[in-house]
Amino acid sequence: MLRAAVALLIVILLGMAFHADGAFYKVGTHRDALRQASVYGILACGMTLVIVTGGIDLAVGSIVGFTAVCFSMMTIWWSWPWWISVPSALAIGAACGAVSGALVVWPRLQPFIATLAMMVFARGMAKTVSGGVKVSTALPTGDGTFRYVQVPELFRTIDSRILFGNLSMVTVVFLAIAAAAGVLLARHIWGRDLYAIGGNEEAARLSGLAVRRSKLLAYVACGLCAAVAGICQAAQEQQGDPEAGGGYELTAIAIVVIGGTNLMGGRGHMGLTLLGTITIGYLEKILSINAVPEAGRLMLTGVILVAAVLTQRRRRF
Amino acid sequence: MRRISKRFGATQVLRQVDLDVFAGEVHLLAGENGAGKSTLMKILAGTLTADAGVVEGSADVAVIYQELSLIPTMTVADNLFLGRMPATWGFVSMSEMARRSRELIDVDPYAHVGTLPIGARQRVEIAKAVSRNARVIVMDEPTSALTALEAAELFALIGALKSRGCGIVYITHKMEETEQIADRVTVLRDGQVVASCAAAELKRAELIRLMVGREVSEQFPLRQPVLGEERVRFPEFSVRAGEIVGLAGLRGAGASELLMSLFAAPRKAIAQGVAMLTSDRKTTGLVLSMSVTANCLMAGRRPVWRRPERERAEARGLADLLRLRAASLEMEARELSGGNQQKVALAKWIRTRPSLLLLDEPTRGIDVGAKQEIYQLMNEWSRQGMAILLISSELPELLALSDKVVVMRGGKVSAVLSKEESTPERVMEAAC
């Protein structure tokens, strides 16, 4: 925990050093940093559950795209009410996670391979259902022109701010998911079993734990988080882009690793992922307020990733 | 090695240790778990550096670890010549490698190491050491996973190594091996040498006293079994409440499989009151990365939401019951010594209040003191009406503890011997 905080502290000091004429000290900067990191953070919460079991989920980015497309179609095209569209989108994400999980649990595919397959498949599904175009408020009329409709109220609500405009709804959703997942992982019997499975799956099985069920549920939870992220993404972009979420799985994994959760499984917790999310969020923001071009940003993120993991390495003898 | 000292954090692991190994001798290094034997050997081999002291000639040392350091997915020849394969311009000459492999060891050079029985793997490991001109070979509990037959082969090999002028440092917890092969003995206790002398000068009881630092009877506790109702029934024999039944047989004779068959579906078996202590606490018994508490409470009924206070209290109770020695119950299981790890694995099962306890090698790789405590516990539990089915590759232990010995051969039960009938000779006769 302490070491993960060190990485965050360094990033914040970096922000104070390169504050871009005081931009770093404005409330809006922090609100935006958190807002932009929140979608990644939501993914990272689900990813933490899977990584604790010793697995990995590469499909979350594609599930973001798939659910963003489905959610936009339901909301913009078909004008479904929120109490149908939101649960439906969540169910789609959970179902994708369930398929990945089932592939890991029954034919015992390696998580990397099972979720790689789901990553490609879900991206294909996103493109199939949307017909390859962005689902937006510009509806094609058939004769080559577009008819424009209002941005749905639901999108505006999700992308709104509370506390006098100081906190994004998406950030609230992220913090709520992090808290819920954190409590489940630390206190619920299922969370405890995930650690045991990640630490020594055979010993866990021989102790009578429901190894398959617990692992499957971890992937379902991860898919569910990806669906939440997809809904938020659609609301923020005000459209369902079938390419949305591309590469997000890698950012989510980076967040978990920067937090200090072990990719081999059995160790780590949600507080670390929270710190990792804020670290990545601030890093991105500091680089952007200082107008560092994207090429430089990517290279610096790589360097920070290695540095963070090296400072956290446990000493063994 | 001269005046070797080593400290890990706050613990002084070795203090001013001297150790000489001469050519052509088997030097037994004795001591309880945690006495510093493994650390000393790592310093001897150069994998650890001493804080103080000198090691002479460590370049010629090879260590045969308990967990063998061969690569299971590569062939015997690959393993033997790893890092120095005969090659021309970087292209490996397979035939040359196979020929030289056959000179060293009578095992198919193209066999994958992972497919070999454990005894053969160990011979490959030793051949590797010999082929690298090791003048001192350290063997850390080499027989702990071997059958009696394989162990005899190993002792013959050790004899051959001695006559070639190799010095051998031998670590074991099996007292009878001490008399069989040791020439000299050095006893470590709490990181200090408490005795170093010729093996013939040291009686077994004296050796144990030196290791433990107090009187420990090596005798097996006496018990008067009170038998209750039948707990499990096989065609050839049954196990009753309050009874300890021993399963004997060579490796691969089916004893482990018989035990496993009673525990094929763990969840169901546990619900029916069966518990199984597996033979390898590190790979199948414990989750080493979790706390002692978490390991103790892993099996059986658990509340849906964790309550740390209650968990701590329950783990504390189990730890006291099994006389577990741990600095803290929150420390990771991997940090415990072998004997204490075994107690944690036992604690986990005792908590489920089993009516039938399956024990696969419960005393493997643990020191005499801890063995005694486990014998006492087994006695206590059988007195309380638990039925125990026991596998042990240490025949004296198996015979002394069991009320009835079932001998297996080729996957079938070949003899069922009562307490009076079960002599080492009759068991071996039925097993081979």
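Proteins get letters first, then strands, A, B, ... in listed order; numbering begins at 1 in each.
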| B:W305 vs A:I189 side-chain heavy atoms within contact, under 4.5 Å | no
| Can you list the steps and then say if B:V304 with A:H188 is a side-chain contact (heavy atoms from CB on, under 4.5 Å)? | CA-CA 6 Å; B:V304 172; A:H188 195 268; 3.1 Å; yes
| request: Go through the atoms of B:P303 and report whether side chain, backbone, both or neither lie under 4.5 Å from a heavy atom of chain A. | output: backbone
| said: With a 6.0 Å cut-off (strictly less than), is the heavy-atom count around CZ of A:R212, excluding the residue itself, greater than 12? | reply: no
| With only heavy atoms counted, which part of A:A210 is less than 4.5 Å from chain B, the side chain, the backbone, both or neither? | both
| field | Flag side-chain contact, heavy atom, 4.5 Å: B:P308 against A:R187 | value | yes
| query | B:K348 and A:S207: which non-hydrogen atoms are nearest, and at how many Å? | reply | NZ-OG, 2.7 Å
| query | Heavy atoms, side chains only, cut-off 4.5 Å: are A:E202 and B:D280 in contact? | reply | no
| field | Contact origin within B:I270 toward chain A - heavy atom pairs under 4.5 Å | value | side chain
| Winner by heavy-atom pair count (cut-off under 4.5 Å) against chain B, out of A:G199, A:A186, A:G266, A:A196 | A:A196
| query | Using non-hydrogen atoms only, which part of A:N262 is less than 4.5 Å away from chain B: side chain, backbone, both, or neither? | reply | neither
| message | Evaluate B:V287 against A:E201 for side-chain contact (heavy atoms from CB on, under 4.5 Å), listing each step before the verdict. | response | CA-CA 8 Å; B:V287 180; A:E201 187 166 333; over 6 Å; no
| message | Does B:E330 have more than 12 heavy atoms from other residues, nucleotides or ligands lying within 6.0 Å of its CD? | response | yes
| message | Is B:T283 close to chain A through its backbone or its side chain, or both, or neither, when contacts mean heavy atoms under 4.5 Å? | response | backbone
| query | Considering only heavy atoms from C-beta outward, does the side chain of A:R267 approach that of B:E332 to under 4.5 Å? | reply | yes
| message | If you count heavy atoms of other groups shown closer than 6.0 angstrom to CE of B:M331, is the number above 12? | response | yes
| query | For the atom pair CG (A:N200) and NZ (B:K282), what is the distance rounded to the nearest 0.5 Å? | reply | 12.5 Å
| said: Please determine whether the number of non-hydrogen atoms from other residues, nucleotides or ligands lying under 6.0 Å from atom CH2 of A:W82 exceeds 12. | reply: no
| task | List the atom of B:M260, the atom of A:L206, and the distance in Å for their closest heavy-atom pair. | result | CE-CD2, 3.8 Å
| Tell me, do B:M298 and A:R192 make a side-chain contact under 4.5 Å, heavy atoms counted? | no
| said: Quick one: does any side-chain atom of A:R205 pair with a main-chain N or O of B:P266 as donor and acceptor, under 3.5 Å? | reply: no
| note | So, the part of B:A275 with a heavy atom under 4.5 Å from chain A: the answer is neither
With a 3.5 Å cut-off and sequence neighbours excluded, list the donor-acceptor pairs that the side chains of residues 42-51 of chain B form with protein atoms.
from	atom 1	to	atom 2	distance (Å)
B:T47	OG1	B:K42	O	3.0
B:D51	OD2	B:R7	N	2.7

| remark: Honestly, the part of B:A333 sitting under 4.5 Å from a heavy atom of chain A is neither
